[in-house]
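Here the structure is laid out as structure tokens; the discussion comes afterwards.
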Amino acid sequence: MIDIKLIRENPELVRENIRKKFQEAKLPLVDRALELDRLNRAAINEASELRARRNQLSKQIGALMGQAKKDPAKAGEAEALKAQVKADGERLAQLEELEGKYDGELRAVMMRIPQIIDPSVPIGPDDSCNVEVQRFGEPKVPDFPIPYHTQIMESLNGIDLDGARRVAGNGFYYLMGDVARLHEAVLAYARDFMIGKGFTYVIPPFMMHGAIVEGVMSQSDMDAMMYKIEGEDLYLIGTSEHSMIGRYIDQIIPEASLPHTLTSYSPCFRKEKGAHGLEERGVYRIHQFEKQEMIVMCKPEDSMTWYERMWNYSVELFRSMDIPVRQLECCSGDLADLKVKSCDIEAWSPRQEKYFEVCSCSNLGDAQARRLKIRIRGEDGKMTLAHTLNNTVVAPPRMLIALLENNLCADGSVRIPEPLRPYMGGKERLVPAK
RNA sequence: GCGGAAGUACCCAAGUGGCCGAAGGGGCUCCCCUGCUAAGGGAGUAGACGUCUAAACCGCGUGCGAGGGUUCAAAUCCCUCCUUCCGCGCCA
């Protein structure tokens with residue numbers, strides 16, 4: 001969400017930004033916003049004047065009522081004033097309705113106008129124009145065939161998808177034995193990795209109220225992703241970012257306490273509406289998974305530095321587990337409307353001989369903060385909107401695919417990367433059953 | 001989940017329809033006096049949001065847990081909800 005003042009002062013810049021994102025259909029929204037803003041302010045001004053008059057007259061009525069006890073003639077004057085205020089009341093009620101209407105419509109329009117993207121974002125209409133910036137580690141293809149990840153897991157007696165389907169349907173899994181343990185090892189290692197970077201470990205609520213959901217995501221995302229608890233004003237979180245950022249709603253943060261650098265663990269629940277491709281079977285795209293996340297809330301001038309740092313943490317983490325990765329910069333047309341800049345960290349899949357997404361790092365600028373009213377009180381008392389960023393540390397079911405594929409040996413065993421071994425009881429290798 | 005009590009500014013707290021955007025105390029800021037591990041006196045102390053403005057000040061509006069309602073007028077009366085505390089129940 002951008003500042004309405006920016007549209008008032010520089011609508012052309014906002015239009016240009018929309019064109020850069022190849023969303024021409026949204027261009028009329030700019031004029032619509034200007035129109036609604038004008039109408040809204042006119043209504044506010046007229047209503048304010050009426051309220052001011054009501055307050056004044058009501059005071060006079062009070063005084064007259066007091067005098068009327070001694071001088072009955074004053075009662076008539078009071079009645080006359082009452083009638084006038086009552087008459088104003090009807091117009092005021094109309095205006096209040098208009099205020100609500102314009103304000104609501106304006107907000108809806110503003111929600112659809114995209115955040116101004118960073119000048120460094122590559123321009124392109126869709127994900128085919130995303131830019132590979134840099135590779136880390138050698139993408140190797142071994143001379144033996146790499147099976148689909150579920151087969152590797154099955155060979156280790158580590159997964160039961162059939163059972164999960166009976167119990168919860170498609171999109172769920174039972175992880176078992178060493179694979180389940182490896183899943184937890186990855187999470188625990190990633191958690192400690194981030195703690196080592198100075199982040200504060202947080203376990204947030206896994207459910208949240210509707211009002212928070214509306215603050216942290218768009219209506220369309222909500223429909224496509226969120227599970228609602230029947231009969232309660234509660235939704236299951238789709239990522240801990242939701243409850244982590246929601247925590248700051250309507251809050252004023254003292255500048256001295258910034259930056260807030262947090263790493264949160266949570267299960268994530270997603271409907272994942274829409275068609276899923278052949279390569280998204282198994283544990284790639286599922287209704288429930290677990291994730292370690294990083295969240296940073298900082299001063300505006302610091303957000304780009306944090307952005308760079310954050311995606312680099314992901315690279316460092318994956319490299320420490322011997323997984324080759326690359327940084328893929330998101331182009332303008334593929335960038336979500338709330339984001340100023342974002343990139344994916346993709347892990348190498350020796351089976352597909354291509355990279356696939358394992359982390360997504362985003363700088364939201366002040367977009368989220370404006371929606372949620374997250375402000376910073378400066379040392380000088382001035383208020384500014386905070387900048388928010390988030391990045392995946394690791395989402396183990398999916399990253400397990402990369403881990404298993406990249407560490408598979410010709411004999412079918414899986415080498416456990418060094419840093420994970422302490423979390424696996426010292427085990428160095430997973431060996432297939434039989 | 002049931003019963004009881006409560007939610008007012010940084011904190012405590014008074015306030016049952018107009019004279020209340022809110023007494024009093026504490027804290028904090030500034031000033032004066034005194035002079036040394038202290039004490040006394042005075043002044044100031046909603047923050048926020050919206051609007052107005054080139055911007056700031058001022059003004060106006062909103063604001064007493066939240067949202068509705070009654071009324072010319074609501075901290076105050078009515079309804080719904082939320083939160084906290086105490087007791088009981090249930091549960092890891």
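Every chain is numbered from 1, with letters handed out A, B, ... down the list of sequences. Treat the numbers as computed from the prediction; the structure is a model and nothing was measured. The basis for the numbers below is simple: all heavy atoms, side chains too, and nothing from hydrogens, waters or symmetry mates.
Rounded to an integer number of Å, the gap from A:D88 CG to B:C60 P is 18 Å. In this structure, A:I374 places its CD1 atom 14 Å from P of B:C49, rounding to the nearest Å. Between the CG atom of A:D233 and the P atom of B:G67 there is a distance of 16 Å, given to the nearest Å. Between A:Q56 atom CD and B:G59 atom P the separation is 14 Å, expressed in whole Å. Rounded to an integer number of Å, the gap from A:M110 CE to B:G50 P is 13 Å. A straight line from CZ of A:R375 to C1' of B:A48 spans 6 Å, rounded to a whole angstrom. Distance CZ (A:R377) to P (B:A46): 14 Å, rounded to an integer number of Å. Here B:A55 presents its C1' atom at 11 Å from CD of A:E9, a figure rounded to the nearest Å.
A gap of 7 Å separates the C1' atoms of B:G65 and B:U83, to the nearest Å. Only the P atoms considered, B:G63 is 9 Å distant from B:G67, to the nearest whole Å. For B:G7 and B:A73, the P atoms lie 26 Å apart once the distance is rounded to whole Å. Distance check on atom P: B:C77 versus B:A5 gives 15 Å, rounded to whole Å. Nucleotides B:C78 and B:U70 are separated by 7 Å at their C1' atoms, to the nearest Å. Taking atom P on both nucleotides, B:C58 is separated from B:A46 by 14 Å, rounded to a whole Å. Annotation: B:C33 and B:G40 have their C1' atoms spaced 8 Å apart (nearest Å). Comparing the C1' positions of B:G41 and B:G35 gives an interatomic distance of 16 Å, to the nearest angstrom.
Relative to the ring axis of A:Y148, A:R281 places its NZ or CZ within 45° and under 6.0 Å from the centre. Under the 6.0 Å distance and 45° angle rule, A:R398 counts as a cation-pi partner of A:Y284. A cation-pi arrangement, defined by a distance under 6.0 Å to the six-membered ring centre and an angle within 45 degrees of its axis, is absent between A:K291 and A:F289.
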Taking only nitrogen or oxygen atoms into account, show me every contact under 3.5 Å that the protein makes with nucleotides 70-74 of chain B, one pair per line with its distance.
| unit_1 | atom_1 | unit_2 | atom_2 | d |
| --- | --- | --- | --- | --- |
| B:C72 | OP2 | A:K86 | NZ | 3.3 |
| B:A73 | O4' | A:S58 | OG | 3.2 |

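Taken residue by residue, residues 37-52 of chain A places heavy atoms nearer than 4.0 Å to RNA chain B at A:R41, A:I44, A:N45, A:S48, A:R51, A:A52.
Rounded to the nearest 0.5 Å, atoms OG (A:S342) and CG (A:N391) are 10.0 Å apart. Note: A:I44 CD1 to A:D103 CG = 6.5 Å, rounded to the nearest 0.5 Å.
Between A:V394 and the options A:L403, A:L400, A:V186, A:V358, a side-chain contact (heavy atoms from CB on, under 4.5 Å) holds for only A:V186. No option in A:R191, A:E290, A:Q292 other than A:E290 meets the side chain to side chain donor-acceptor pair (under 3.5 Å) test with A:Y265. Paired with A:V14 under the rule side-chain contact (heavy atoms from CB on, under 4.5 Å), one option of A:L29, A:V30, A:L27 passes, and it is A:V30.
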Secondary structure of RNA chain B per the Watson-Crick/G-U criterion (both distances under 3.5 Å; [ ] crossing, | other strand, . unpaired) is ((((((((.[[[..)..(.....]]]((((((.......))))))..((((.......))))..[[[[[..)....]]]]])))))))....
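The side chain of A:R8 contributes no N or O atom lying less than 4.0 Å from OP1 or OP2 of B:A54. A sub-4.0 Å separation between OP1 or OP2 of B:G18 and a side-chain N or O of A:N55 is absent.
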Check against side chain to side chain donor-acceptor pair (under 3.5 Å), A:Y235 and A:H242: CA-CA 10 Å; A:Y235 292 79; A:H242 294 151; over 6 Å; no
- Begin from the C-alpha positions of A:D337 and A:R112 and carry the test salt bridge (Lys or Arg N to Asp or Glu O under 4.0 Å) through to its verdict. CA-CA 8 Å; A:D337 282 352; A:R112 296 185 56 211; over 6 Å; no
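Scanning all heavy atoms of the two residues, the minimum distance from A:V393 to A:E293 falls at CG2-C, 3.5 Å.
Side chains of A:Y423 and A:D192: a donor-acceptor N/O pair is present below 3.5 angstrom, by distance only. In this structure, a donor-acceptor pair under 3.5 Å is absent between the side chains of A:S362 and A:K341.
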